[in-house]
Every structure is written in C-alpha cells, then in structure tokens.
Number of protein chains: 2
Amino acid sequence: MPEKAKELLKEHGLRKTFGRQQVLIYFRERSTAVSHGDLCKVFPEMDRAALYRIIQDFEEKGIVHKVPDDEVSVKYAFCASSCTAEEHHDHHLHFKCDACQETYCLPEQETPKIYLPEGFRANSTEVLVHGFCKACA
Amino acid sequence: MPEKAKELLKEHGLRKTFGRQQVLIYFRERSTAVSHGDLCKVFPEMDRAALYRIIQDFEEKGIVHKVPDDEVSVKYAFCASSCTAEEHHDHHLHFKCDACQETYCLPEQETPKIYLPEGFRANSTEVLVHGFCKACA
DNA sequence: TTAAGTGCAAAATCTTTGCAAATGT
DNA sequence: ACATTTGCAAAGATTTTGCACTTAA
C-alpha cells in the first residue's frame with residue numbers, strides 16, 4: 001500500500017484534490033469509524049455535499065468501507081488492504097463501545113465461520129460487538 | 001409468550017391501542033426486519049410521528065430489537081422471546097440478501113464466540129451476514 | 001483544453017417536538 | 001376522571017440534486 005495519500009488516490013483511479021487528500025489522511029490515521037456528520041465537524045470549512053461525494057467515491061473505489069451501525073447514520077472506516085472498486089476485503093470485526101460510542105475496526109480478528117440455514121448463501125459477514133473498549137473498561 | 005397482540009402489549013406495560021396492535025401483529029408475522037419508512041408504506045393511514053413513537057416504545061419495552069443496517073436507516077424486527085425493558089435477549093444472527101434487500105433474523109443460530117483484543121469487554125454481538133437468501137439464490 | 005470536482009443553493013427525506021383532541025383503563 | 005396516545009403542524013436534521021465555477025491532468 002502506498003505511503004502517500006496522493007498515490008493511494010491515483011491507485012484507485014481518483015484525482016488528487018485537496019479535499020480528498022485531507023479526508024483520506026484523516027481516515028488513515030483513525031482506528032475508529034466516522035459518520036458523515038463527524039467529518040463535517042472535523043472539516044467545518046468543507047462543503048457538506050462535497051463530503052458526501054468524497055465518502056461515496058471512496059467507498060466505491062475501495063478506500064473506505066461501510067460499518068453497519070445501530071444509530072441513525074452509517075459510518076465509514078479506512079479499508080484494511082487491497083480493496084478495489086470490484087471487491088472489498090474487509091472481513092474483520094467491528095467493536096462499538098457502549099461508553100464512548102466509538103466504533104473500532106479489529107483487523108487482527110478473522111470473522112468466525114457462520115453456518116446458515118439450508119438455501120442461504122453467504123458472501124460476506126459483518127460482526128458488530130458491543131461492550132466496553134480498552135479505554136473505557 | 002401470549003398468543004394475542006393485546007396480551008403481549010399488556011405484558012410489556014403498554015396500553016392496547018389500535019395502532020400498536022396493528023404494528024405488533026405486522027412485526028409478528030414477518031421474518032424480516034423493517035425500517036420506519038417501510039412501516040409508513042404498510043400503514044399509509046397512520047401518522048409518521050405516531051409510528052416513530054410506536055417503534056420507540058416497542059424497542060424500549062423489548063418487543064422489537066434494532067437490526068444494524070448498512071443502509072441509511074435502522075431496521076427493527078420482532079423479539080425472539082423473553083425480552084424485557086430491562087434486557088434484550090436477541091442474540092441471533094441477521095442475514096441481509098444482496099438481491100432482494102430483505103434482512104432476515106436467523107434465530108436458530110447462536111452468535112459465535114468472539115475473541116477480543118486485550119482490554120476489550122464484550123456485552124453483546126450482532127452478526128450481519130450478506131449474501132443471497134433462499135428465495136433469491 | 002476538457003473532463004472531473006467543488007461550492008452554493010434548493011429540494012427531497014427523514015426524524016423530532018409541542019400541543020390540542022381522542023382514547024384506554 | 002385521569003393519564004396516555006394520537007394526529008397534525010412545524011421545526012430540525014440529514015441526504016440528494018442541479019448547475020455555474022474551479023481545478024487536475
């Protein structure tokens with residue numbers, strides 16, 4: 001994976017713009033998932049609509065992935081590795097702290113093998129564990 | 001578990017109103033999760049705000065549970081059994097079909113044991129499996 | 001130069017809230 | 001009769017869209 005945001009954008013077929021670089025760097029430096037609203041607070045000078053489009057482009061190109069959430073809005077986190085527009089490979093667990101409300105990606109953990117009822121075919125599995133994180137426990 | 005919607009409401013400390021009975025019966029008869037928007041379509045004669053409040057009351061009292069979703073809005077499904085206002089016991093899997101977009105509860109399946117990094121403490125686990133359901137496979 | 005991205009404004013949705021009228025116990 | 005719930009209307013948030021202007025390649 002390229003070190004520079006610039007290269008990462010290029011690699012995923014996106015033009016290197018100021019906004020995208022800022023947001024990409026922010027995602028890379030975080031271990032927890034953020035919503036669109038969160039990003040608006042982090043980048044108050046950026047346009048809301050532009051942020052929606054940046055997130056959307058990043059998700060389509062495999063730079064960030066959706067993290068299912070039980071609050072109102074979806075969250076996003078930086079893709080672990082090797083995700084492309086064709087396929088995401090973020091088969092790791094997510095952990096949401098009931099105290100600080102942060103959602104962590106836990107990439108060391110593989111998703112467990114799930115056995116489905118007859119007739120169901122699985123493509124991918126999302127796991128969201130609730131509890132207290134290291135900082136809040 | 002009581003057979004009648006009326007009794008179920010009473011058991012959870014909610015008054016038996018027409019709207020609540022309708023919605024409760026609807027939830028009981030479904031095997032897939034629905035959003036507020038879905039309910040509005042099913043009950044176009046009911047007030048949006050009232051539906052929000054019904055869902056909220058049901059969730060608080062342990063009649064339905066939230067199902068994390070990767071779309072815009074949260075979904076809800078009927079509680080398997082014995083959930084109360086104090087504690088939900090819906091530790092089953094959810095399955096979302098990539099074709100028909102329905103989210104199923106898979107109550108036969110126990111959630112797998114998850115091993116977390118040092119310092120993290122789990123309370124509950126939500127699993128959302130993506131793939132093709134029986135009807136679409 | 002020209003295809004793509006941004007900023008701004010407006011529309012469309014979604015969610016919450018307050019309060020008078022209706023309903024359940 | 002009294003507390004709760006509903007219906008309606010308004011406000012607040014969130015998300016999407018269109019289009020002129022700017023920027024990247």
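Residue numbering restarts at 1 for every chain, and letters A, B, ... go by the order of the sequence lines.
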Report task. Please state how far atom CD in A:Gln22 lies from atom P in C:dG7, giving the value in whole angstrom units. Result -> 11 Å
Query - Under the salt bridge (charged side-chain N to carboxylate O under 4.0 Å, His left out) test, residues paired with B:Arg30 that sit two or more places apart - result: B:Glu102
Report task. May I have the distance from B:Gln21 (atom CD) to D:dT6 (atom P), rounded to whole angstrom? Result -> 11 Å
Query raised in the report: Can you name the side chain to side chain contact (heavy atoms under 4.5 Å, CB included) partners of A:Cys40, sequence neighbours left out?
Result: A:His36, A:Arg48, A:Leu51
**Report entry** side-chain N/O A:Tyr52 vs D:dT15 OP1/OP2, d < 4.0 Å
**Finding:** yes
Report summary line: Sorted by chain and number, sequence neighbours left out, ring-ring contact (aromatic ring centres under 6.0 Å, His included) with B:Phe43 holds for B:Tyr26
Report summary line: 5' to 3', nucleotides 17-24 of chain C under a 4.0 Å protein heavy-atom cut-off (B base, S sugar-phosphate only, - none) gives BB-----B
Report task. If a pair satisfies side-chain hydrogen bond (donor to acceptor under 3.5 Å, both in side chains) and one of its residues is in residues 13-22 of chain A, list it, with sequence neighbours excluded. Result -> A:Arg20-A:Asp57
Report summary line: B:Asp98 meets the side-chain hydrogen bond (donor to acceptor under 3.5 Å, both in side chains) criterion, sequence neighbours left out, with A:Asn123, B:His130
Report summary line: The ring-ring contact (aromatic ring centres under 6.0 Å, His included) partners of B:Phe27 (sequence neighbours excluded) come to none
Query - Qualifying residues under ring-ring contact (aromatic ring centres under 6.0 Å, His included), relative to A:Phe132, sequence neighbours excluded - result: none
Requested in this report: Starting at atom CG of A:Leu51, determine the distance to atom P of C:dG5, rounded to an integer number of angstrom.
Outcome: 15 Å
Query raised in the report: By side chain to side chain contact (heavy atoms under 4.5 Å, CB included), which residues pair with B:Ala49, not counting sequence neighbours?
Result: B:Asp47, B:Arg53
Name the pairs: protein N/O against N/O of nucleotides 10-12 of chain C, kept only if under 3.5 Å.
none

Requested in this report: May I have the distance from A:Leu14 (atom CG) to C:dA3 (atom P), rounded to whole angstrom?
Outcome: 18 Å
Query raised in the report: Want to settle it: does A:Gln56 or B:Arg20 sit nearer the 5' end of DNA chain D, counting the closest nucleotide to each?
Result: B:Arg20
**Report entry** Inter-axis angle, terminal five-pair segments of the helix from C:dT1-D:dA25 to C:dT25-D:dA1 [nearest 10°]
**Finding:** 40°
